[in-house]
Amino acid sequence: MIELSYIRRSPEEVISRLAIKNFDAKPVIDEILAIDEKRRSTQTNLDGILAQLNKASKEIGELYKAGKKAEADALKANTTQWKEDITLLEAETKKIETELHTKAVLLPNMPHSSVPNGKTPEDNEVFHTEGAIPELGENALPHWDLAKKYDIIDFELGVKISGAGFPVYKGKGAKLQRALINYFLDKAHEAGYLEIEPPILINEDSGFGTGQLPDKEGQMYFVGEDKLYLIPTAEVPITNIYRDMVVDASTLPIKNCGYTPCFRREAGSYGKDVRGLNRLHQFDKVEIVQIRMPEESYKALEEMRDYVAGLLRSLNLPFRILKLCGGDMSFASALTFDMEVYSAAQKRWLEVSSVSNFETFQSNRMKLRYKKDKDKPALAHTLNGSALALPRIVASLLENNQDDKGVRIPEVLIPYTKFDYIS
RNA sequence: GGAGAGGUGGCAGAGUGGUCGAAUGCGACAGUCUCGAAAACUGCUGUACCUUCACGGGUACCGAGGGUUCGAAUCCCUCCCUCUCCGCCA
């Protein structure tokens with residue numbers, strides 16, 4: 001949520017920056033400013049009457065104590081009207097605040113000044129490309145065929161147990177998953193991230209805090225009986241650890257990581273994008289999260305981006321880094337780098353990570369602040385990134401590393417898998 | 001699922017319907033002392049919003065929401081959550 005004070009101070013800037021996200025903010029901003037105006041006058045009004053009442057109450061107490069009952073009763077008579085006014089003004093204030101909140105929540109985060117213009121994924125800026133694209137023979141197989149050939153991932157079985165998009169990993173397939181998770185967690189630990197194993201069901205407040213609610217309500221699985229949502233990413237529980245907190249500046253930066261399964265309904269997805277491991281309802285991911293002071297957050301974003309690039313490099317996967325254009329960015333992000341690996345049999349780039357700086361967008365929703373010395377508490381910046389999402393890594397590993405004998409396991413993973421070939 | 005207890009400031013923990021934003025302790029911060037530190041002593045220490053050029057002033061907040069009252073942390077109602085015991089269970 002964009003800070004109201006910011007909107008009030010520079011509405012034109014907010015409008016022009018949101019235009020880069022192809023969001024026409026003018027009507028909403030105008031409404032917000034008008035409602036805010038009304039809110040302030042109503043509160044000033046209400047506070048005045050409350051002050052009168054408080055003062056009178058105190059006097060009545062003193063008069064009673066002094067035995068001046070008649071005078072006290074006379075004062076009491078005045079309060080009736082005030083109380084009526086207070087009731088009305090309180091209802092009014094509440095209504096206005098709800099209205100204001102409803103409007104403010106609709107605004108996406110403002111993009112950083114470096115965000116490229118553009119509407120679609122084609123407009124994203126290729127920031128960096130690295131690694132040789134493997135030359136596969138004519139009979140190279142896409143990963144879903146490889147998975148079947150070596151009996152390591154069973155999609156049909158998943159359909160039987162749950163439905164489409166819930167694969168069953170078996171044997172070396174399951175071990176590969178476990179190896180990747182452990183490898184990613186170990187690397188994150190080396191990079192200074194504290195490992196967290198969070199709940200994977202979250203309440204509504206948490207969903208709101210990181211921006212999934214109300215914007216992406218339909219994308220999360222919901223357990224109605226207990227009003228809990230299955231997490232779409234570990235970002236939600238791990239960032240919400242700090243909801244409603246004022247952390248001391250000396251504890252920053254906070255660097256957390258965590259492995260969780262992630263659940264996404266992916267309503268509306270179809271076609272070749274959803275083949276095999278390309279798009280799933282349940283998948284594994286290691287996430288990294290940072291809480292930073294504002295002046296350091298972009299340095300942290302670069303650090304995270306470089307960290308993820310290093311992971312991909314270590315797996316010998318050809319990858320590219322995209323700087324997302326305004327139109328392709330998420331609701332909450334101010335600047336996002338996407339990492340894509342090349343999957344040589346499908347001959348396409350697959351997104352395996354997304355690293356974002358949310359600036360104060362999430363912290364304002366979560367009321368996550370930091371306090372530096374004698375300064376007033378200020379909103380912290382939050383960042384997160386996938387490091388990494390497993391399925392598409394597995395897809396490209398299978399496809400890119402296939403040969404006549406089977407599928408080669410990257411060097412760095414062998415200590416984890418304890419085997420060097422899937423055959 | 002059954003029974004009980006409880007939710008108060010960064011933490012611990014008092015609290016009589018009025019002078020309670022709230023005792024006290026710890027912590028944090030500043031000072032005295034010291035070469036320095038510890039100890040001791042002294043002082044200070046919440047957040048949000050409104051208002052003011054500013055100094056300042058005002059309002060709200062003791063789990064959440066209602067109610068009673070001139071006045072509620074304190075009384076009443078509803079809800080939420082946590083803890084303990086029992087049951088069931090990984």
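All chains are named by letter (A, B, ...) in the order of the sequence lines, taking the proteins before the strands, and each is independently numbered beginning at 1.
- Atom name P, nucleotides B/G43 and B/C49: the rounded distance is 32 Å, in whole Å.
- When distances are taken from the side chain of A/K94 to each of B/G66, B/C70, B/A60, the shortest belongs to B/G66.
- In this entry the distance linking CG of A/D248 with P of B/G27 reads 17 Å, nearest Å.
- For the pair A/I86 CD1 and B/G67 P, the computed distance is 13 Å after rounding to whole Å.
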Could I get a table of every N or O pair under 3.5 Å where one atom is in the protein and the other is in nucleotides 43-53 of chain B?
from  : atom 1 : to     : atom 2 : distance (Å)
B/U47 : O3'    : A/R369 : NH1    : 3.1
B/A48 : OP1    : A/R369 : NH1    : 3.0
B/A48 : OP2    : A/K376 : NZ     : 3.4
B/C49 : O3'    : A/R39  : NH2    : 2.7
B/C49 : O2'    : A/Q43  : OE1    : 2.5
B/C49 : O2'    : A/Q43  : NE2    : 3.0
B/C49 : O2     : A/Q43  : NE2    : 3.3
B/C50 : OP1    : A/R8   : NH2    : 3.1
B/C50 : OP1    : A/R39  : NH2    : 3.2
B/C50 : O4'    : A/Q43  : NE2    : 3.3
B/C50 : O2'    : A/T44  : OG1    : 2.7

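- Here the separation of B/G18 from B/C76, taken at their P atoms, is 16 Å to the nearest Å.
- Ion pairing between a basic and an acidic side chain is recognised when a charged N comes within 4.0 Å of a carboxylate O; A/D36 and A/R39 show such pairing.
- Although no hydrogens or angles enter the test, the distance criterion places no donor-acceptor pair under 3.5 Å between the side chain of A/N384 and the main chain of A/E287.
- For the P atoms, the distance linking B/G10 with B/G46 amounts to 10 Å, nearest Å.
- B/U16 and B/A73 are spaced 13 Å apart, taking the P atom of each and rounding to whole Å.
- In this structure, A/K371 places its NZ atom where more than 12 heavy-atom neighbours from other residues, nucleotides or ligands lie under 6.0 Å away.
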For RNA chain B, the dot-bracket notation using Watson-Crick and G-U wobble pairs below 3.5 Å, [ ] for pseudoknot-type crossings and | for other-strand pairs, is ((((((((.[[[..)..(.....]]](.((((.......)))).)((((((....)))))).[[[[[..)....]]]]])))))))....
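- Considering all non-hydrogen atoms of both residues, A/P111 and A/I20 come closest at CG-CB, 3.9 Å.
- Between the P atoms of B/U19 and B/U59, the separation comes to 13 Å (whole Å).
- A/A56 comes within 4.0 angstrom of nothing in the nucleic acid, heavy atoms only.
- Remark: P of B/G58 and CD of A/Q52 are 14 Å apart, rounded to the nearest angstrom.
- Taken to the nearest 0.5 Å, the CG atom of A/L194 stands 9.5 Å off from the NE2 atom of A/H189.
- Here the C1' atom of nucleotide B/C80 and the CG atom of A/D226 are 14 Å apart, to the nearest Å.
- Taking the centre and axis of the six-membered ring of A/F331, the NZ or CZ atom of A/K216 falls outside the cone set by 45° and 6.0 Å.
- Between the CG atom of A/N203 and the C1' atom of B/A64 there is a distance of 14 Å, rounded to whole Å.
- In this structure, A/K172 contributes its side chain and A/Y421 its backbone to a donor-acceptor pair below 3.5 Å.
- Rounding to whole angstrom units, CG of residue A/L89 and P of B/A60 are separated by 13 Å.
- Taking atom C1' in both B/G63 and B/U8, one finds a spacing of 10 Å when rounded to whole Å.
- One interatomic measurement links the two molecules: CD1 of A/I60 to P of B/A72, which rounds to 12 Å at whole-angstrom precision.
- Remark: the A/N256 side chain and the A/Y242 side chain contain an N/O donor-acceptor pair separated by less than 3.5 Å.
- For the pair A/R365 and A/F208, the cation-pi test (distance below 6.0 Å, angle within 45°) is passed.
- Both A/G48 and A/K58 lie near RNA chain B, and the one whose nearest nucleotide falls closer to the 5' end is A/K58.
- With rounding to the nearest 0.5 angstrom, the CG atom of A/N240 is 7.0 Å from the CD1 atom of A/I202.
- When the P atom is compared between B/C88 and B/U82, the two are found 23 Å apart, to the nearest whole Å.
- Applying the salt bridge (charged side-chain N to carboxylate O under 4.0 Å, His left out) rule to pairs touching residues 90-114 of chain A yields A/E31-A/K103, sequence neighbours excluded.
- Here B/U69 presents its C1' atom at 6 Å from NZ of A/K83, a figure rounded to the nearest Å.
- Using a 4.0 Å heavy-atom criterion, one finds that A/L50 contacts the sugar-phosphate atoms exclusively.
- Counting any heavy atom pair closer than 4.0 Å across all strands shown, A/L53 reaches sugar-phosphate atoms only and no base atom.
- One P atom belongs to B/G56, the other to B/C70, and the distance between them is 36 Å to the nearest Å.
- Using a 4.0 Å cut-off, no side-chain N or O of A/N54 falls inside it from OP1 or OP2 of B/G18.
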